[in-house]
Amino acid sequence: RGTLTVGELAKLLHKDASEVIKKLIVLGVMATINQEIDMDAILLLAGEYGVEVEVKIPVEEDTFETVEETDEEADLLPRPPVVTIMGHVDHGKTTLLDAIRKTNVTGGEAGGITQHIGAYQIEANHKKITFLDTPGHEAFTLMRARGAQVTDITIIVVAADDGVMPQTVEAVNHAKAAGVPIIVAVNKIDKPDADADKIKQALTEYELVPEEWGGDTIFVNVSAKQRIGLEELLDMILLVAEVNDFKANPDKRARGTVIEAELDKGKGPVARVLVQHGTLKIGDAFVAGNCFGRIRAMVNDKGRRLKEAGPSTPVEITGLTEVPLAGDPFMVFEDERKARAIADRRAIKHRQSELGANSRVTLDDLYKHI
Ligand code: GTP
Ligand code: MG
């Protein structure tokens, strides 16, 4: 039901109602015996008494990540491949993507190190490709793992003058764990000490054997800096996409994954999301992680406002009430009340597990929650 009166709660806790009221006052909640108190107060109080509270959330309303997709074959239409660029730090992932997009993201990065996942869409041979850039620095394993989970194809970038390094291997493992096809881009072949064959040799140890050596891994030699091999790389991406025939049903409520999110001073909570199924529209009510939202505005990676975003489109959305976490799934619901209710219950559940983790509840905690 979500609430209890103070009297009912006291009974459940085997405490005197007056004692419970006093405790509530200490926690900053003013309530009389017949007054209903909300779930937050209940959880706090239970935490004070060291009692576990189980909030029952109807399963069908809470597990949208696991809701099975039931699309008729006829409703599935081709969609752009989602391609994640991975590899060791400084091997040239962002430069390569800059070269493909003919822009300059690298120039704006602090210390030349990527710290988040960038999502872009380009067109090659009249076909769209969605790219996710990931950081190569060892600290960002989780982000790389997330990138691997939402991707259709992984491009492993290896600098020909450096070789196979720890995060190269990590990227290969992520892609393999996710069961995603791999294309190896041997980068920096313009450098005098570049040795593409050495890279190929080293990668055979990880079961990535080039086609010309009898294996089935596509290797492309590129120079992001001198724009060598870019077209071949794009051709290979489109080829792998064609073979895999990536499809989605655009004609239903959207769901996808939060790529990154932050609190913007002007716009409030902002999230960059990848739409994976259905079509996201202005005004849609949705849940992202524990957060509720209603799409107020959508902007693509070129800063253009969109009214709708179909499968494989990365968009920046505003209209969230809170900031979700990167990697959170999001899903649109038919009505706002349901979306709100689910987000609320998830938030409560989340808080509950947090409270459970550190059983002492302080006043500070309380104020955080109201
Ligand atoms: P992280 O995101 O921090 O993991 O790095 P990154 O893989 O995105 O590397 P980034 O694109 O920032 O490039 C690192 C350095 O390599 C920069 O100084 C680039 O100019 C240089 N670089 C990238 N591609 C090439 C290339 O093809 N040839 C040469 N010579 N230098 C390159
Ligand atoms: Mg980078």
Side-chain angles (χ1 to χ4, degrees), residues 82-122 124 129-151 153-175 182-200 202-203 206 208 218-237 259-260 262 272 274 301 314 326-327:
V82 178
V83 180
T84 301
I85 313 231
M86 299 216 224
H88 199 71
V89 68
D90 273 352
H91 278 198
K93 298 175 290 296
T94 306
T95 310
L96 181 62
L97 201 41
D98 278 353
I100 290 171
R101 298 174 58 227
K102 305 187 185 76
T103 53
N104 182 10
V105 169
T106 335
E109 287 180 341
I113 287 187
T114 303
Q115 303 199 16
H116 59 97
I117 295 183
Y120 312 97
Q121 198 170 62
I122 64 127
I129 303 173
T130 299
F131 281 106
L132 302 179
D133 188 12
T134 64
H137 191 281
E138 60 181 329
F140 299 113
T141 302
L142 190 60
M143 268 188 231
R144 286 187 292 274
R146 279 184 200 129
Q149 275 157 22
V150 297
T151 200
I153 301 170
T154 298
I155 304 223
I156 311 265
V157 174
V158 194
D161 63 334
D162 198 18
V164 172
M165 303 297 278
Q167 271 63 55
T168 314
V169 176
E170 195 205 274
V172 171
N173 290 335
H174 281 318
I182 293 172
I183 296 175
V184 179
V186 180
N187 189 31
K188 308 199 188 186
I189 52 152
D190 59 287
K191 287 213 162 179
D193 51 345
D195 188 349
D197 275 356
K198 200 180 88 192
I199 308 290
K200 287 180 184 165
L203 282 174
Y206 303 94
L208 299 179
I218 299 173
F219 280 72
V220 184
N221 289 346
V222 298
S223 163
K225 213 163 192 175
Q226 303 204 347
R227 309 187 52 85
I228 299 167
L230 302 185
E231 226 166 278
E232 192 190 343
L233 181 62
L234 291 173
D235 284 348
M236 290 305 146
I237 292 169
I259 302 294
E260 52 196 358
E262 75 215 8
R272 273 168 287 282
L274 177 71
D301 59 306

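In each ligand, atom 1 is the first atom listed, and ligand 1 is the first ligand listed.
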Any idea which protein heavy atom is nearest atom 5 (O) of ligand 1, and the distance to it? D90 N, 3.1 Å
For the residue pair I100 and Y120, establish whether any side-chain heavy-atom pair is separated by less than 4.5 Å. no
Does ligand 1 have a heavy atom under 4.0 Å from the side chain of N187, from its backbone, from both, or from neither? side chain
Do me a favour and list the nearest non-hydrogen protein atom to atom 25 (C) of ligand 1 with residue, atom name and distance? K188 CG, 3.6 Å
Can an N or O of A224 be found at a distance shorter than 3.5 Å from an N or O of ligand 1? yes
Which residue holds the protein heavy atom closest to atom 7 (O) of ligand 1, what is that atom called, and what is the gap in Å? K93 NZ, 2.7 Å
If I take atom OG1 from residue T154 and atom CD1 from residue I156, how far apart are they, to the nearest 0.5 angstrom? 6.0 Å
Please indicate whether any nitrogen or oxygen in T134 is less than 3.5 Å from any nitrogen or oxygen in ligand 1. no
Among Q226, K225, R227, closest by any non-hydrogen atom to atom 31 (N) of ligand 1: K225
Where do A171 and M86 come nearest, in terms of heavy atoms and distance? CB-CB, 3.6 Å
Measure the CG-CZ distance between L96 and R227 for me, rounded to the nearest 0.5 Å. 10.0 Å
Between N187 and H91, is there a side-chain donor-acceptor contact under 3.5 Å, judged purely by atom types and distance? no
Would you say K191 and ligand 1 have an N/O pair spaced under 3.5 Å apart? no
Does a sphere of radius 6.0 Å around CD in E262 hold more than 12 heavy atoms from other residues, nucleotides or ligands, not counting ones at 6.0 Å or beyond? yes
Looking only at atom types and distance, does a side-chain atom of T151 sit under 3.5 Å from a main-chain N or O of T84, one as donor and one as acceptor? yes
among protein heavy atoms, the one nearest atom 9 (O) of ligand 1 is G92 N, 3.1 Å
Identify the closest protein heavy atom to atom 17 (C) of ligand 1: which residue and atom is it, and at what distance? T95 OG1, 4.5 Å
Test your reading of the model: is there a side-chain donor-acceptor pair from D301 to the backbone of Q121, 3.5 Å cut-off? yes
So, T94 and the Mg ion (ligand 2): N/O/S under 2.8 Å, yes or no? yes
Among all protein heavy atoms in this structure, tell me which lies nearest to atom 30 (N) of ligand 1, with the distance rounded to 0.1 Å. D190 OD2, 2.9 Å
Test of understanding: given a 4.0 Å heavy-atom threshold, classify the contact between I113 and ligand 1 as side chain, backbone, both, or neither. both
Of all the atoms in T134, is at least one N, O or S atom closer to the Mg ion (ligand 2) than 2.8 Å? no
How far is atom 2 (O) of ligand 1 from its nearest protein heavy atom, and which residue and atom is that? T114 OG1, 2.7 Å
I want to confirm something. Looking only at heavy atoms, which of G136, A194, G118, S223 is nearest to atom 4 (O) of ligand 1? G136
